[in-house]
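Order of the sequence lines sets the chain letters (A, B, ...), proteins ahead of strands, with each chain counted from 1.
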Amino acid sequence: MKLATWNVNSIRQRAEQVARWVKRAAPDILLLQELKCEAAAFPETLFAELGYRAEIVGQKAYNGVAVLSRLPFETRARALPGLPPHDTQARYVEIEAAGVVVGGIYAPNGNSGGDDGFAYKLAWLDALAVHAAHLLAADTPLILAGDFNICPTDADLAPGALAPEDALVRPESRAGFRRLLWLGLTDALRALHPTERLFTFWDYQASAFDADRGLRIDHVLLSPTLAERLVAASVERAERAAPHPSDHAPVVVTLD
DNA sequence: ATGCCGGGTCCTACCCGA
């Protein structure tokens, strides 16, 4: 199984690039984040023509996640279980394909909205950990992948790229990420590239990409039996170098 | 340390991203 995740920063702006990449890379499953549109505006037929069925959790202007799969799948959830019902932010979609539960993640950034905004980020991560714990307790083969908006360690950002009080590196955010690892999930990129300088996001400003001043905030987490099958994990930097790119590059994982 | 970039929308000044 080849699985990829990509924060596209507007699927309407990125449709042609994503379709070209899908054609070339041929992932079995592609998780998308920051669609920035409602489901009706998602370019569904473009991907149907390439053999992919979509599950779209859209939202006007902000957020928005989707799964594209060329494997048959069933949808299990269109919101993160455990969040209050009045929370309508489109940040989670969960499917089951080939016996594997796949959760597509767009975790809150946590820098806007002051204390409430950061508290929302932590509450969201807490709900994610509780949900993951339930699935893992039942030995469910599980992949949680997407934009977690967390640099797990100081090795996961260019020196000085963020202030110490930034929500992406705050100790509470990093503890939220470690909690997922303590549940038994494996960070696929770091498992195969323990010391490499690896980023998945580069700011549009100040030539951040050319200077390789990036962040590693997009992650693929694998449950134990799937981690045993991990054979490759990479960042598709060429997509960040393309004309009019997203500020994120795809992360791709291959399981035997 | 930042909103210089780039997306969105109440169409245009402002919000949000990381």
Side-chain angles (χ1 to χ4, degrees), chain A residues 5-18 31-43 56-66 87-92 104-125 128 145-177 189 197-220 235 237 239-251:
Chain A
T5 177
W6 195 357
N7 178 323
V8 293
N9 188 19
S10 169
I11 190 58
R12 288 177 290 178
Q13 294 295 322
R14 230 62 68 196
E16 294 300 326
Q17 183 186 356
V18 174
L31 306 173
L32 298 172
Q33 301 89 36
E34 280 212 85
L35 306 180
K36 292 186 168 180
C37 66
E38 291 174 323
F42 187 95
I56 305 154
V57 182
Q59 182 182 334
K60 195 178 199 173
Y62 301 115
N63 309 318
V65 292
D87 184 345
T88 54
Q89 297 194 29
R91 296 185 176 276
Y92 189 77
I105 307 287
Y106 179 49
N109 174 305
N111 278 313
S112 66
D115 291 345
D116 289 348
F118 188 62
Y120 176 63
K121 176 179 190 145
L122 297 184
W124 203 95
L125 292 171
L128 180 63
D147 180 355
F148 287 71
N149 270 318
I150 301 168
C151 300
T153 74
D154 285 346
D156 298 309
L157 71 161
L162 295 176
E165 63 271 22
D166 193 286
L168 279 63
V169 298
R170 289 257 302 251
E172 301 94 323
S173 305
R174 286 177 164 175
F177 189 82
L189 259 184
R197 179 182 170 94
L198 279 172
F199 303 136
T200 66
F201 165 94
W202 297 261
D203 201 296
Y204 288 119
Q205 300 174 73
S207 312
F209 183 65
D210 293 335
D212 200 23
R213 268 194 311 273
L215 316 173
R216 192 174 77 95
I217 55 176
D218 302 273
H219 308 295
V220 179
V235 180
R237 288 177 61 106
E239 298 307 309
R240 181 61 180 79
H244 307 292
S246 167
D247 37 10
H248 297 248
V251 177

On a whole-Å scale, what distance lies between the [atom1] atoms belonging to [N] and [M]?
N      : M      : atom1 : value
B:dG7  : B:dT12 : C1'   : 15 Å
B:dC16 : B:dA1  : P     : 23 Å
B:dC5  : B:dC11 : P     : 25 Å
B:dA18 : B:dG8  : P     : 14 Å
B:dG3  : B:dA13 : C1'   : 15 Å
B:dC4  : B:dC14 : P     : 13 Å
B:dC15 : B:dC10 : P     : 15 Å

N/O donor-acceptor pair under 3.5 Å between [X] side chain and [Y] backbone:
X        : Y        : result
A:Ser10  : A:Gln13  : yes
A:Arg170 : A:Ile150 : no
A:Arg174 : A:Thr153 : yes
A:Arg14  : A:Asn9   : yes
A:Tyr204 : A:Asp247 : yes
A:Trp202 : A:Asp212 : no
A:Ser173 : A:Ala167 : yes
A:Asn149 : A:Ala107 : yes
A:Gln33  : A:Asn7   : yes

How many Å lie between [atom1] on [X] and [atom2] on [N], as a whole number?
X        : N      : atom1 : atom2 : value
A:Lys36  : B:dC15 : NZ    : P     : 15 Å
A:Phe201 : B:dA18 : CZ    : C1'   : 5 Å
A:Trp202 : B:dG3  : CH2   : C1'   : 20 Å
A:Ile150 : B:dG17 : CD1   : P     : 15 Å
A:Leu35  : B:dG7  : CG    : P     : 15 Å
A:Ile217 : B:dG17 : CD1   : P     : 12 Å
A:Arg170 : B:dA18 : CZ    : C1'   : 15 Å
A:Arg213 : B:dT2  : CZ    : P     : 15 Å

With a non-hydrogen cut-off below 4.0 angstrom, is [X] in contact with a base, only sugar-phosphate, or nothing?
X        : result
A:Ala161 : base
A:Asn149 : sugar-phosphate
A:Tyr106 : sugar-phosphate
A:Arg14  : sugar-phosphate
A:Tyr62  : base

Taking for each residue the nucleotide of DNA chain B with the nearest heavy atom, is it A:Ala163 or A:Arg12 whose nucleotide lies nearer the 5' end?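 Looking at DNA chain B, the more 5' nearest nucleotide goes with A:Ala163.
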
A:Ser10 or A:Asp166: which one's nearest nucleotide on DNA chain B is closer to the 5' end?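 Mapping each residue to its closest nucleotide by heavy atoms, the 5'-most match is A:Ser10.
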
Quick check: any donor-acceptor pair below 3.5 Å linking the side-chain of A:Gln205 to the base of B:dG3?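 Under the 3.5 Å cut-off, the side chain and the base do form a donor-acceptor pair.
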
Establish whether the base of B:dA18 is bridged to the side chain of A:Asp203 by a donor-acceptor pair shorter than 3.5 Å.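 A donor-acceptor contact between them is absent.
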
Under 4.0 Å: is that the gap between some side-chain N or O of [X] and OP1 or OP2 of [N]?
X        : N      : result
A:Asn7   : B:dA18 : yes
A:Lys60  : B:dC10 : yes
A:His248 : B:dG17 : no
A:Ser112 : B:dC15 : no
A:Asn9   : B:dG7  : no
A:Gln59  : B:dG8  : no
A:Tyr204 : B:dC16 : no

Please determine, by modelled atom types, if A:Asn109 and A:Lys121 share a side-chain donor-acceptor pair under 3.5 angstrom.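 Not at all, the side chains of A:Asn109 and A:Lys121 share no donor-acceptor pair under 3.5 Å.
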
Which dot-bracket string describes DNA chain B (Watson-Crick N1-N3 plus N6-O4 or O6-N4, or G-U N1-O2 and O6-N3, all under 3.5 Å; [ ] crossing; | other strand)? ....(((((...))))).

